[in-house]
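Shown next, in structure tokens, is the structure this report addresses.
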Amino acid sequence: MAWTAVGVVAVVAVGWIAIALLKALLGVAVYLIVGAAVIGGGVYLYQKGKRAISRDQRLRNRIEAATTTYRQRNR
């Protein structure tokens, strides 16, 4: 009878430790995923804003539009 009780207590203890470790690992994984999403979103928004403000890109677009208009006019 005592060996059965020891076995049950051991199984409960191992299960308790396993659940605690699983919670810790899942918690860390969630924090990593959320952190990566926030950093990735920040980088995306920074690049998008930088591209929108870029003077060179606006100038290049104007030159391309003018070239296209000039070519269409002189056909």
Side-chain angles (χ1 to χ4, degrees):
M1 181 85 156
W3 287 108
T4 306
V6 170
V8 169
V9 169
V11 168
V12 169
V14 169
W16 187 17
I17 292 171
I19 289 174
L21 287 174
L22 187 62
K23 279 185 180 180
L25 290 175
L26 287 177
V28 169
V30 167
Y31 281 119
L32 286 175
I33 291 169
V34 169
V38 168
I39 290 172
V43 168
Y44 171 77
L45 289 176
Y46 172 76
Q47 289 177 349
K48 194 164 179 78
K50 187 177 173 185
R51 221 177 294 130
I53 297 174
S54 174
R55 181 174 166 236
D56 296 335
Q57 183 64 36
R58 283 195 310 258
L59 182 61
R60 189 176 310 129
N61 288 343
R62 288 176 57 198
I63 291 171
E64 288 176 7
T67 303
T68 304
T69 304
Y70 180 77
R71 286 182 188 151
Q72 288 176 353
R73 210 178 333 163
N74 292 329
R75 283 187 178 184

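These values consider heavy atoms only, across backbone and side chains, with no hydrogens, waters or symmetry-generated copies.
Side-chain heavy-atom separations under 4.5 angstrom define the hydrophobic clusters, and the remaining members of the one that includes Leu45 are Tyr44. Leu22 belongs to a hydrophobic cluster whose remaining members, ordered by chain and number, are Leu26; membership requires side-chain heavy atoms of ILVMFWY residues under 4.5 Å apart, directly or through intermediates.
Thr67 contributes atom OG1, which lies 11.0 Å from atom CD of Gln72 (distance to the nearest 0.5 angstrom).
For Leu32, the side chain to side chain contact (heavy atoms under 4.5 Å, CB included) criterion is met by Val28, not counting sequence neighbours.
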